[in-house]
There are 2 protein chains.
Amino acid sequence: MKKSERVKKTTAKAGIRQENEKIILKAAESVFAEYGFRGATTSMIAEQANIPKANLHYYFPTKEALYRQVVDNIFNIWLQAADSFDDCDDPVEALSRYIEKKMDISRDNPMGSKVWANEIIQRAPVIQDYLETTLKDWTESRAVIIRRWIAQGKINPVDPQYLLYMIWSTTQHYADFNHQIETLNGGTPLSDAQYRVAKDNVIEIILTGIGAVQRRRSNLLQDNSPKDQQEKGDKA
Amino acid sequence: MKKSERVKKTTAKAGIRQENEKIILKAAESVFAEYGFRGATTSMIAEQANIPKANLHYYFPTKEALYRQVVDNIFNIWLQAADSFDDCDDPVEALSRYIEKKMDISRDNPMGSKVWANEIIQRAPVIQDYLETTLKDWTESRAVIIRRWIAQGKINPVDPQYLLYMIWSTTQHYADFNHQIETLNGGTPLSDAQYRVAKDNVIEIILTGIGAVQRRRSNLLQDNSPKDQQEKGDKA
DNA sequence: TTATTTCCTGACCATTTGGTCAAGTTACGC
DNA sequence: GCGTAACTTGACCAAATGGTCAGGAAATAA
């Protein structure tokens, strides 16, 4: 139908492959996010990318190859977030930064999070390997840091593994269940201000919950002043 | 797995329908959970239920009708959990009970939770109506209770909506991401003892996080009985 | 017994699916 | 210009899919 609105070709032939792969990957991400690997069809993806299906198969020979590439990209984003949880002496700083980063990712890349969720629900046919190696190692290394904080009396004795699950689930919920949140918000997406409040609530409750802070000054209820956009002026 | 071990027929003809519908629904739940509506096939479900596909269609004329029934059952379980969050003066009691109930459901009915997750990710084609009515009303009524607790100084000022999201996500994570948790647990499911610890951690961190308790006595670390994760020393 | 209703299922069908292919078109190096 | 490599795509195919159907088996009613 609408066929020639295919997006500009930057500098002619050079870069066409790169450009088109990007378009296809983006379309694939959103279709895989919504329907999972089995439920997604290459026609849907092609349509979303606004190219003929045969063209899609020119760039990605099989549905599985395309899916793998999508999942790979997502894992890289995950790694990026993981880096922000550094080996820092201050749990408030390290955890605030990590949670904030994860919340940002949920907002900026909700489709990726959904693809990940689908992968796990389907028992990780593609990323099982990552889970057993990279993710497991990372988790254990963070557990060491958390246990050190506990030993130093900086936070309450909590089981690191369950604390991490809480952080993952809470932050990713804003991507994966975004539709439900939107519905409960009257059918409109969370505004920037609301998202800021959500973030603050999450950080505050978790940090307070593990005894990293006693009780913070800020009122976590949404203030009704229209002005609310200053940077992360709230921290430790 | 064989073929004719189809389960006993209780009392012959009477109740056959009921019996078979139950078997089919259970099979359908697990297949829909793993692959979503589109990704699931009626053959897979029939196979899982150990009946010919044509027989499945005798009881449930279409895939969609079957799916609707599955989703309906899940929503009823959700309602059951919702009831346990009653209008109680004590936030510690009300929230402990609710979180515990949700954790129990995640353990006893992980497939249901996954079907729900898939539904939301797919933008609730079937349950949108519930979200806008039952779920929304319930959420708002609980928000009132939470705000009252805040006004009474029983908990810190937090935004009720985000607190609820945290409870939902954290508890449901144990069902939806059960495979990831299992992998990180060395490939074995959480034991009863571990699950107990997980529950306690969740309850404790959230209740402490909102200031409902100051700091509780229990040590949330798993008692160090020799049986801990140390099977495969894979590493890099 | 026979009649009637319910249940069971192999064979079948139209549509959708992932993927191919051959005949093009476009861009770049020469 | 011309050749070649990269890109594009309508038409096509075999397999899988949701669903049907006719005929048979089993249970109950008469």
Side-chain angles (χ1 to χ4, degrees), chain A residues 1-25 27-29 31-32 34-71 122 125-126, chain B residues 2-25 27-28 31-32 34-71 122 125-126:
Chain A
M1 301 339 168
K2 56 296 204 62
K3 131 180 296 186
S4 50
E5 54 192 70
R6 183 86 51 72
V7 180
K8 74 302 175 81
K9 313 220 173 190
T10 30
T11 49
K13 202 56 149 291
I16 277 198
R17 177 159 214 115
Q18 195 185 354
E19 176 84 8
N20 282 346
E21 282 181 355
K22 208 172 84 184
I23 292 171
I24 293 169
L25 282 168
E29 185 178 78
V31 175
F32 282 133
E34 190 152 348
Y35 299 107
F37 177 73
R38 280 206 49 121
T41 73
T42 50
S43 327
M44 289 166 89
I45 296 170
E47 194 178 351
Q48 179 105 359
N50 226 318
I51 58 171
K53 193 181 61 161
N55 201 4
L56 182 153
H57 277 102
Y58 169 74
Y59 287 105
F60 296 91
T62 68
K63 184 182 167 184
E64 192 174 325
L66 177 53
Y67 182 70
R68 285 199 126 81
Q69 184 71 58
V70 167
V71 168
Q122 281 161 54
V126 169
Chain B
K2 265 40 284 185
K3 163 174 241 152
S4 52
E5 54 192 66
R6 183 91 49 72
V7 181
K8 71 298 172 106
K9 313 224 174 185
T10 32
T11 50
K13 204 56 149 292
I16 278 197
R17 176 158 215 115
Q18 195 186 350
E19 177 83 8
N20 282 348
E21 283 181 353
K22 209 173 82 186
I23 292 171
I24 293 169
L25 283 169
V31 176
F32 282 134
E34 191 152 347
Y35 299 107
F37 178 73
R38 278 205 51 120
T41 73
T42 51
S43 327
M44 290 167 89
I45 296 170
E47 194 178 352
Q48 178 106 357
N50 226 319
I51 57 171
K53 191 181 64 161
N55 199 5
L56 181 153
H57 277 102
Y58 169 73
Y59 287 106
F60 297 91
T62 67
K63 184 182 168 185
E64 191 174 325
L66 178 52
Y67 181 70
R68 285 199 126 82
Q69 184 71 59
V70 167
V71 168
Q122 281 160 54
V126 168

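Letters A, B, ... mirror the listed sequences (proteins, then strands); counts begin at 1.
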Just to confirm, is there a sub-4.0 Å distance from OP1 or OP2 of [N] to any side-chain nitrogen or oxygen of [X]?
| X | N | value |
| --- | --- | --- |
| B:Tyr59 | C:dC8 | yes |
| A:Arg17 | D:dC7 | yes |
| B:Asn20 | C:dT6 | no |
| A:Asn55 | D:dG10 | no |

Whole angstroms only, please: what is the [atom1]-[atom2] distance between [X] and [N]?
| X | N | atom1 | atom2 | answer |
| --- | --- | --- | --- | --- |
| B:Phe60 | D:dT20 | CZ | P | 15 Å |
| B:Tyr35 | D:dT17 | OH | P | 11 Å |
| B:Leu56 | D:dG18 | CG | C1' | 11 Å |
| A:Tyr58 | D:dC7 | OH | P | 4 Å |
| B:Glu47 | C:dT9 | CD | P | 15 Å |
| B:Glu19 | C:dC8 | CD | P | 11 Å |
| B:Ile51 | C:dG10 | CD1 | C1' | 15 Å |
| B:Ile24 | C:dC7 | CD1 | C1' | 12 Å |

Between [atom1] of [X] and [atom2] of [Y], what distance do you get to the nearest 0.5 Å?
| X | Y | atom1 | atom2 | result |
| --- | --- | --- | --- | --- |
| A:His57 | A:Ile24 | NE2 | CD1 | 10.0 Å |
| B:Gln48 | B:Met44 | CD | CE | 8.5 Å |
| B:Lys53 | B:Glu47 | NZ | CD | 12.0 Å |
| B:Ile23 | B:Asn50 | CD1 | CG | 9.0 Å |
| B:Tyr58 | B:Asn20 | OH | CG | 9.5 Å |

Could you walk me through whether B:Leu66 and B:Thr42 pass the side chain to side chain contact (heavy atoms under 4.5 Å, CB included) check? CA-CA 9 Å; B:Leu66 178 52; B:Thr42 51; 5.7 Å; no
Pairs under 3.5 angstrom, nitrogen or oxygen only, protein versus nucleotides 17-21 of chain C, please.
| residue | atom | partner | partner atom | Å |
| --- | --- | --- | --- | --- |
| C:dT17 | OP1 | B:Arg38 | NH2 | 2.9 |
| C:dG18 | OP1 | A:Ala40 | O | 3.1 |
| C:dG18 | OP1 | A:Thr42 | N | 3.3 |
| C:dG18 | OP1 | A:Lys63 | NZ | 3.2 |
| C:dG18 | OP2 | A:Thr42 | N | 2.8 |
| C:dG18 | OP2 | A:Thr42 | OG1 | 2.9 |
| C:dG18 | N7 | A:Lys53 | NZ | 3.0 |
| C:dG19 | OP2 | A:Lys63 | N | 2.5 |
| C:dG19 | N7 | A:Lys53 | NZ | 3.0 |
| C:dG19 | O6 | A:Lys53 | NZ | 2.7 |

For B:Pro125, what residues pass the side chain to side chain contact (heavy atoms under 4.5 Å, CB included) criterion, not counting sequence neighbours? B:Glu119, B:Gln122
